[in-house]
Protein chains: 2
Amino acid sequence: MPDGVEKKPSRIQQRNRRRILDAALDVFSKHGYRGATLDQIAEAAGLSKPNILYYFDGKEEIHVTLLNQLMETWLDPLVTLDPDGDPLREILGYVQRKLDMARDLPRESRLFAGEILQGAPRMAPHLVSGLQPLFDEKCAVIKAWMDRGALADVDPRHLIFSIWATTQHYADFDAQVRVLLREDARCHDGAGQYLQTLFTRLLTP
Amino acid sequence: MPDGVEKKPSRIQQRNRRRILDAALDVFSKHGYRGATLDQIAEAAGLSKPNILYYFDGKEEIHVTLLNQLMETWLDPLVTLDPDGDPLREILGYVQRKLDMARDLPRESRLFAGEILQGAPRMAPHLVSGLQPLFDEKCAVIKAWMDRGALADVDPRHLIFSIWATTQHYADFDAQVRVLLREDARCHDGAGQYLQTLFTRLLTP
DNA sequence: TCGTGCCTTTACCAAATGGTAAAATTTGCC
DNA sequence: GGCAAATTTTACCATTTGGTAAAGGCACGA
């Protein structure tokens, strides 16, 4: 057996770790790191607290594991941005993918938002090592599109920020959106149409 | 003395209540409601914990008081939106005021964001009684502007959401913005220019 | 200056919470 | 079936935390 390689986890391990992480995502995204308790996570996972601690070294490890897993999912839509595609279509596609994620993965969006809101205490390294290089790379791609006149000229960094802000808003500020739209079921489609218009008008040369 | 009217608080009362609220704003905005402790607030305020509880009935009352005070400040820029002003100028002015607030009152922005993120458990009534009517009113104003052709036709509700999202992003996601812009000191001006362009292109008929 | 009422501190407490030790149970393999 | 290893439970523990009781200090008007 190769050195330093752990043997594959048993079926029970896999199932229980997944259960715990899913429960923890629920609880952490609802109450924040400090607001979440191991008892809540344990109950949501259908396991006892000591049993939770058999699978994870502690509350923090659960949180960090969640954040690590999330990073990949979260960056995926940006990774997909294709330098060889049609610029406007690529951007609008990115906006739509981000908006769909806000609808389909609101817990993940809120977990991420909560972590950043509190200064990214457990995520700062990931931001620098994972997000920053990708951000710089895609900014350069967008800049190149603008330089060859395929998109209107704006600051690519703020462009990306505004895409993140507008799309994630629907997940992170859901409580507010629901009150103001009175639970409008067509909210997502309306937001999609609006954002497509917004970025089309901004970027059409 | 009129019935049910409390006599005006002493100078000491005023000073200490203000100190406590300022300290609490610091602590709550940094760590969230559950993450904040009375001990932290007490230390930041330069008072003992029981002394804090002499001025407020408990942790929750401090938080609610803060939220109540914040509501007024927070809605003010929207209140100012003038139905008789020049439509585009009014909207762009609103964007700028919100962005300035994100720079000047980041603690308030994060306190608000944290509360909404967790489902507005202590603020839902205020949203319905304070924000919702104002939101509806200003949506109607914007709608009227669009109907008479002074602004391009988009959904006013999503327009307002996108203004909130893009401006508050710089306060709420500061930790991320700082990493990605590498602490760029000119960030605020850059954001201002970008957002003015964004909403001008969207709304110019 | 003296007492009354406002303010502050000291010394506590009960509940909640993250975590542990070790016994008991179950699982998977021969 | 039987046994070793993996899993789960029971019974705890130390710390943190929101909150209280009551005594002490202080300011200020009579």
Side-chain angles (χ1 to χ4, degrees), chain A residues 1 5-67 111 114-115 118 121-122, chain B residues 1 5-67 111 114-115 118 121-122:
Chain A
M1 192 168 66
V5 172
E6 289 130 32
K7 53 178 66 175
K8 67 180 177 186
S10 72
R11 216 155 304 138
I12 290 181
Q13 287 248 5
Q14 275 186 288
R15 176 175 54 89
N16 282 354
R17 280 185 67 101
R18 213 167 343 126
R19 270 194 195 179
I20 292 168
L21 288 174
D22 189 69
L25 177 57
D26 247 38
V27 178
F28 279 131
S29 67
K30 234 177 259 164
H31 306 288
Y33 179 75
R34 285 274 330 252
T37 70
L38 284 179
D39 291 286
Q40 286 175 297
I41 296 173
E43 197 194 326
L47 299 171
S48 68
K49 181 166 65 172
N51 205 3
I52 299 275
L53 292 166
Y54 172 76
Y55 289 100
F56 290 90
D57 275 346
K59 185 181 178 182
E60 180 147 5
E61 204 207 295
I62 301 178
H63 194 247
V64 169
T65 303
L66 232 32
L67 251 25
L111 181 74
E115 171 70 8
Q118 307 202 342
R122 273 167 278 279
Chain B
M1 192 168 66
V5 172
E6 290 130 31
K7 52 178 67 175
K8 67 181 176 186
S10 73
R11 218 152 300 138
I12 290 181
Q13 286 247 7
Q14 275 187 288
R15 177 176 53 91
N16 281 355
R17 280 184 67 101
R18 216 170 336 130
R19 271 194 196 178
I20 292 167
L21 288 174
D22 190 69
L25 177 57
D26 247 39
V27 178
F28 279 132
S29 68
K30 236 177 258 164
H31 306 289
Y33 179 74
R34 282 279 324 256
T37 70
L38 285 179
D39 291 286
Q40 286 175 298
I41 296 173
E43 197 195 325
L47 298 170
S48 68
K49 181 166 66 175
N51 205 2
I52 298 275
L53 292 166
Y54 172 77
Y55 290 100
F56 290 91
D57 276 345
K59 186 182 179 181
E60 179 147 6
E61 203 207 296
I62 301 178
H63 194 248
V64 169
T65 303
L66 232 33
L67 252 24
L111 181 74
E115 172 70 9
Q118 306 200 343
R122 273 167 280 277

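Per chain, numbering begins at 1; letters A, B, ... match sequence-line order. Bear in mind that the values here come from a model prediction, so they are computed numbers and not experimental data.
Residue B/Leu21 comes nearest to B/Leu66 through the heavy atom pair O-CD1, 3.6 Å, listed as atom of the first residue, atom of the second, then distance. Taking all atoms of both residues into account, the shortest heavy-atom contact from A/Gln118 to B/Lys30 is CB-O, 3.6 Å.
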Under the criterion side-chain contact (heavy atoms from CB on, under 4.5 Å), I'd like the reasoning laid out for B/His63 against B/Leu67: C-alpha separation, chi angles, the key distance, then a yes or no. CA-CA 6 Å; B/His63 194 248; B/Leu67 252 24; 3.7 Å; yes
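A/Glu60 places its CD atom 14 Å from the C1' atom of C/dG19, with the value rounded to the nearest Å. Across the protein-nucleic acid pair, A/Glu61 atom CD and C/dG18 atom P stand 15 Å apart, rounded to whole Å. Remark: P of C/dT8 and CZ of B/Arg17 are 13 Å apart, rounded to the nearest angstrom. Summarising the geometry, the separation between NZ on A/Lys59 and C1' on D/dT16 is reported as 12 Å, rounded to the nearest angstrom.
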Report, one line per pair, each donor and acceptor closer than 3.5 Å where one atom sits in a side chain of residues 43-55 of chain B; sequence neighbours left out.
unit_1, atom_1, unit_2, atom_2, d
B/Ser48, OG, B/Asn51, N, 3.3
B/Tyr55, OH, B/Asn16, ND2, 3.0

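The CZ atom of B/Arg122 sits 5.0 Å away from atom CD of B/Glu60, with the distance rounded to the nearest 0.5 Å. With rounding to the nearest 0.5 angstrom, the CD1 atom of B/Ile41 is 10.0 Å from the NE2 atom of B/His31. To the nearest 0.5 Å, atoms CZ (B/Arg17) and CZ (B/Arg19) are separated by 15.0 Å.
In this model, the phosphate group of C/dC6 is not approached by any side-chain N or O of B/Gln13 to a distance below 4.0 Å at OP1 or OP2. In terms of phosphate contacts, A/Asn16 brings no side-chain nitrogen or oxygen within less than 4.0 Å of OP1 or OP2 of D/dA6.
Near-neighbour residues of DNA chain D inside residues 34-57 of chain A, defined by a heavy atom below 4.0 Å, number-ordered: A/Arg34, A/Ser48, A/Pro50, A/Asn51, A/Tyr54, A/Tyr55. Of the residues in residues 23-30 of chain B, none has a non-hydrogen atom less than 4.0 angstrom from any atom of DNA chain D.
The aromatic rings of B/Tyr33 and B/Phe28 lie parallel to each other, with less than 30° between the two planes, well short of the 60° mark.
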